[in-house]
Each structure stands twice: as C-alpha cells, then as structure tokens.
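Please read these numbers as outputs of a predicted model, since none were measured by experiment. Start at 1 and go down the list; that is how both ligands and their atoms are numbered. Positions are given from 1, in the same order as the sequence printed here.
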Amino acid sequence: MSFPRRTHTCGALRPSDAGARVVLDGWVASRRDHGGVLFIDLRDRYGTTQVVFHPERAEEVASRAQALRAEWCVAVTGIVRERPAGAVNRDRPTGGIEVEATELAVLSESAVPPFEVDDRVEAALELRLKHRVLDLRRPTIQRNLLLRSRVLLAIRNALAARGFVEVETPILTKATPEGARDYLVPSRVNPGTFYALPQSPQLFKQLLMCAGLDRYLQIARCFRDEDLRADRQPEFTQIDLEMAFVEEEEIRAELEVAIGAAFREGLGLAVPTPFERLPHAAAMARYGLDKPDLRFDLPLHDATPFAAASSFQVFRSVLETGGIVKGMAIPGGGAWPRKEIDALGTKVAEFGAKGLATLKVEEADLTGAIAKFFEPALRARMREAFGAKAGDLLAFVAGPPAVVNRSLGELRNAMGERLRLRDPKTFRFCWVTDFPLFEWNPSEKRWDSAHHPFTAPADWTLKGLPGDPGSILSRSFDLVLNGVELGSGGVRIHRRDVQEKVFSFLGIGPQAAREKFGFLLDALEYGAPPHGGFAVGVDRLVQLMLGLEGIRDVMAFPKTASATCLLTGAPSAVPPEQLAELHIRPVLP
Ligand code: ASP
C-alpha cells in the first residue's frame, strides 16, 4: 500500500512553519466536534499536533473525518496555520499552530480501545499490561523508554571510549550462585540435563579477565527466579563490567564516569564526583541500613551506655542478653499526637522490633513515661548526645543489633518521607565499602557469602579463618542512590587456594566445587590476573532518574508480581509431545 509519507513529525511544527503544506502520520489521540468543525489531536512519538477539519473549506475531507475515532492511524495533509494569540496552547511545543486538513488517508482503523491512551487516565495495571501496545503509546512511557535508551547509549559510549570491550556471554549456561533460584531450560539433545539462565554473567566475566580481555562490558540480561515481591522482575538488565589489574578505587572511578555520562546525556545534569565513600560499619552505625538515604541526616545514636546507666528494666534485660539500644531524635515529633507516635511503633514492629520507647524533649528536660528511669544528669547527657532540640521526640529501639538497626533505619527513612526530606530531584550517591565477607544465616544456621563466593577478602589470603568469620572484611562494595542499592561488585579472588578455602568454609566440598566451578578453578590455575568488577541495575537507575515509584514503566514488556506476562500469556502450558521431546514428564499437583 502506498500512503502519504510524513513531511514532519507530530512534535515538529512551529509558528515559523505557517503557510507550509505538510503531511503528518500518527494516531488520533482525541476528537472534538465544535458544531461541524472537527478538531483532532494527532499523536506520535514526538508529540501531538492539533488538526482541524473545516466543512466549508474541504467539505469531502471533513465529512470523511467525522468517522475518525481514538487510536485510528491516519495520514493528514494540510496547511500549517498560526493560531491567534487567544487560542495558543502553552502546554505543548506545537501549541502555537494547527494544521488545517486538506486531505485525509485512514491507514488503519482501531477497535474501541479498552482505556483512553492518555497520561491523565490511570487504567488498572492488569488492563494496561494486557494491552501494553496501547499503554506504550502513552507519552510518559515513551519518555521513559527514550531516557532508558539514552542512558544505555551514554554508558556504552563512555565505557567504550575508556577501552572496555563489549562481549556477549551465554544465556544458555550453567547455574551460578547469586543467591536466587535459577530458571532452567531442558536440553533436548542431552536427555535429563538442563541449562540455567544466567543470574549474572559473573563467572564468564571473570574468565574473560583470565583470558586477557582486560576490560569487559556488557549490557546483560539476568534472570532470577525469586519469590513474589512487589517491584521485582524475573528478568532485568545490568550494566556489567570487569577489569583486570585493578583494585576497588579504579573500579569505582570508571563507574563514576559511566554514571556521570548517564546523567549528563540523560537528564542534562552534572552529578558531583567522586561519590561519598562510607564504610559498611559506619553506615550501619549511623543509618542502620547498608543503603542509607543521604539526602537527609537524621542519624541514629548509640543509646546502649545510657540504657546501661539507667534503671529501666526493659532496656537492661536486653543488654544482658547481648542486645543493644539505639535511638534517634525526630525533629518536631514531640508535638505529634499520640496516634502518630503510636504509628512509629507500628512501623518498627514491621521489622521485628518489640516496641518503641519515646521521650519528649522539653525546654529544660526530657519527659515521658520512661524519663524517671534516667537520672537528671543522664537525661541531660543523652539529650546532648542525640543533638536534640526542644520539641523533638527521642525514639528508642532495644533488641538484637540486626533488628535494632533495620527497624530504626526504616523508621529513619519513613521520617525522611514524613518530614519531606526526600526530594526526588536530588541525587545523592554513595559507595558503601568494606562489607563483611560472610554473614550468618540464622535460619540455615550457617555462614553465607555476604556478596558472592568469588569476592576477595580484604587481606587477600583469608588468614583470619576460621577465627570470627563475621569480622572478616571483603573487597566488595555497593553503589547506593537515594537509599536504593543500584549495584554491587568488588575485587575477586584470583588465587585457586583462596577460592578453594572459601568454598570449603561455605560447605562446598572439593568434589562439589569441581562439579560446579571446575572451569573457574582451572582458569585460576593458569596465571589469573588480579581483577574485579561491578554491575549496575539499569531498570532501577532509570526509575530513580525519572523519580518513579516502580520499575515497571521503565521496561517495555514487564511481568506481573507473579512473573506472568499478561500480554503474551507466558508462561503457558505446552503440548505433551513437546514435553516428551524434552524428556520431561509433568508432575502437577
Ligand atoms: N555479579 C554481581 C551481581 O550480579 C555483581 C558483581 O559482583 O559484579 O550482583
């Protein structure tokens, strides 16, 4: 079919084009009939232009135009007219003109859409995902995808200019332990065996360093079969990199260049570098979380010494069982109504805290039900240590360190929100460094890698093992933006004996290590260079750049929280013959 080719996009025309004969191709966004004069908003990726059909100037065309409905795809030929001053639409770049139609070609009619394709109309999520094609026509989602494209290009260009080589690693591969469940793909030609979809290209990128590629980059799709959790996607994209002959600072410096390019090209913003560096232990002490939101301060304070010197039995018995007491001063919280203070208790309880104790900060003293357990001099010292001012509320949690830190850290974030200290237009990056190498897994009663088992220990050799495994520091670090973990990475183990020591400490015996990671151990046998790398989550990065609540609308075809694609119906049943070919017999409940 031949059709009138556009001379301009729907976002291009300005008053300086007045008088020109143009062709626009696009979709009918809306129609308004003003007593026979028909106005159409014509939309494409670039914008929206008003088209007017005058029955007295182009009768046949105007009468055909009466049939136009939302989402029809059309080509309009017409003359650009400057709008009179009173009719200018200042909300859109083409608002100074309209196109007076002289011809109309309908390229495709549309069925009545299930929802209005309009940024102001919030259709139900299920409906939007099912009809994602229509949903993707919305200007905001197109803006999101365009930003994503610019960000990826900027990062790719910035890193390519610095000598990074783009290498694609296999999608059909062997399970790698990033801590989540694998998606498995049955092999037809090797009955009873399975590939795993990569949770990350971790081991391949390390092999590429052993192979001498020196600087590797990939915009890598990763797959993790995790349990339902809001705002997680089973497949996501990482900017994955690895470098040989480096230590932590060199990796961080490259990422600062890449992130800087993303913000500059994506948003026209200069993000100040270097980003702040914050050791993990300091982050936990001051903010309670390993991904602190540094857009605001509201620090946590250690109240353990005050609790120990008090006569408050609740606090003292927690200390006796190895617990700690920490707290924070909430500006102005002393004046909040009871209900709101109770809500703070509910918040910390969500994260396992047994309760929230509070004191009000008055001009001269601290008051409240537990004040009497603290001597006046102790109250004065506590007030000073917390940096509290009259009108503040002191809030305390007592318990095991992990619970105290987590619950107060989350409370701190909630207070940041409540006090409007979390400006989505402010971008505060930080590197959280010096993570522990291992962390205790209380439910499995064993030590796990805090990052992954390939992370190098701070001392390279693991002299400290067995000792106190929890006190051994690693060479891994995270990138945090506004309280969200954007990525992680670190320096890797490049010595076979050290790698084997870690495997054996994690309960992966020599035989299992050989079976699972023989290819890595072999590579470490032949002159492996010191190396390290990092991965940044693209979906999160773009989400935060746009100030969005979730990652769904920075992906073209996202899945639901239960990992289904409402558009295609995946995952779906397959015919028994196909299963048989794969040597699979279903065992359905
Ligand atoms: N492979 C790691 C991840 O996906 C990142 C890294 O260590 O480079 O989380």
Side-chain angles (χ1 to χ4, degrees), residues 155 159 164-171 173-183 196-210 213-226 232-244 246-256 258-259 280 290-291 431-439 448-458 473-481 484-494 499 502 506 516-517 520 528-541 551:
I155 292 179
L159 291 175
F164 283 82
V165 180
E166 208 163 331
V167 182
E168 291 155 286
T169 52
I171 294 291
T173 181
K174 206 173 153 96
T176 54
E178 296 278 1
R181 217 174 277 122
D182 291 310
Y183 279 99
L197 303 184
Q199 292 189 31
S200 87
Q202 183 62 35
L203 294 176
F204 285 105
K205 64 177 174 173
Q206 291 191 235
L207 298 185
L208 290 170
M209 293 308 101
C210 296
L213 263 288
D214 200 73
R215 292 181 155 220
Y216 143 93
L217 159 70
Q218 184 175 196
I219 299 185
R221 195 66 68 83
C222 304
F223 306 85
R224 296 184 191 178
D225 185 4
E226 291 179 295
R232 280 277 179 109
Q233 288 283 322
E235 53 182 300
F236 56 93
T237 308
Q238 287 187 342
I239 294 154
D240 197 45
L241 51 92
E242 195 76 7
M243 303 157 74
V246 291
E247 293 194 46
E248 291 90 316
E249 271 307 321
E250 288 133 304
I251 304 170
R252 292 196 277 261
E254 295 298 340
L255 280 152
E256 286 174 358
I259 298 282
H280 177 263
D290 59 9
K291 37 179 191 295
W431 296 108
V432 178
T433 66
D434 306 286
F435 270 79
L437 189 60
F438 301 113
E439 67 192 6
D448 287 337
S449 291
H451 184 32
H452 52 52
F454 319 109
T455 306
L473 293 185
S474 75
R475 293 179 173 268
S476 71
F477 48 92
D478 280 0
L479 177 60
V480 175
L481 170 57
V484 176
E485 183 200 316
L486 269 193
S488 54
V491 173
R492 327 295 184 187
I493 296 168
H494 70 284
Q499 187 64 73
V502 169
L506 295 172
K516 285 191 180 148
F517 308 116
L520 174 71
H531 62 283
F534 204 84
V536 177
V538 173
D539 312 291
R540 283 283 165 235
L541 173 64
I551 55 174

So, [X] and [Y], do they make that salt bridge, N to O below 4.0 Å?
| X | Y | value |
| --- | --- | --- |
| R492 | E242 | yes |
| R215 | E254 | yes |
| D240 | K205 | yes |

If you look at every heavy atom in S449 and E439, which pair is closest and at what distance? O-OE2, 4.4 Å
Would you please determine whether [X] falls within less than 4.0 Å of ligand 1 on a heavy-atom basis?
| X | result |
| --- | --- |
| R224 | yes |
| H451 | yes |
| Q199 | no |

Would you check the N or O atoms of D240, main chain and side chain alike, for any that come under 3.5 Å of an N or O of ligand 1?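 Looking only at distances, the answer is no, because the N/O contact criterion of under 3.5 Å is not met.
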When you compare ligand 1 with S200, is there at least one nitrogen or oxygen pair between them that comes in under 3.5 angstrom?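 N/O-N/O distance below 3.5 Å exists for this pair.
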Under-4.0 Å heavy-atom contact with ligand 1, by part of Q206 that carries it: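 Neither part.
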I'd like to check which ligand 1 atoms, numbered from 1 as shown, lie under 4.0 Å from a non-hydrogen atom of [X].
| X | result |
| --- | --- |
| Q202 | 1 (N), 2 (C), 5 (C), 6 (C), 7 (O), 8 (O) |
| Q238 | 3 (C), 4 (O) |
| K205 | 6 (C), 8 (O) |
| F534 | 8 (O) |
| A535 | 5 (C), 8 (O) |

By side-chain contact (heavy atoms from CB on, under 4.5 Å), which residues pair with I551, not counting sequence neighbours?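 Counting only residues at least two positions away or on another chain, I551 forms a side-chain contact (heavy atoms from CB on, under 4.5 Å) with D231, Q233, D539, R540, Q543, V554.
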Have W431 and E249 got a donor and an acceptor in their side chains that come within less than 3.5 Å?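 Short answer, no.
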Between F534 and F477, what is the ring plane arrangement, given parallel below 30°, perpendicular above 60°, and tilted in between?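 If you compare the ring of F534 with that of F477, the planes turn out parallel.
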Looking at residues at least two apart in the chain, or sitting in another chain, which of them share a salt bridge (charged side-chain N to carboxylate O under 4.0 Å, His left out) with E226?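 Applying salt bridge (charged side-chain N to carboxylate O under 4.0 Å, His left out) to E226 gives R232.
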Please state which option from C222, S488, G489 has its nearest heavy atom closest to atom 5 (C) of ligand 1. S488
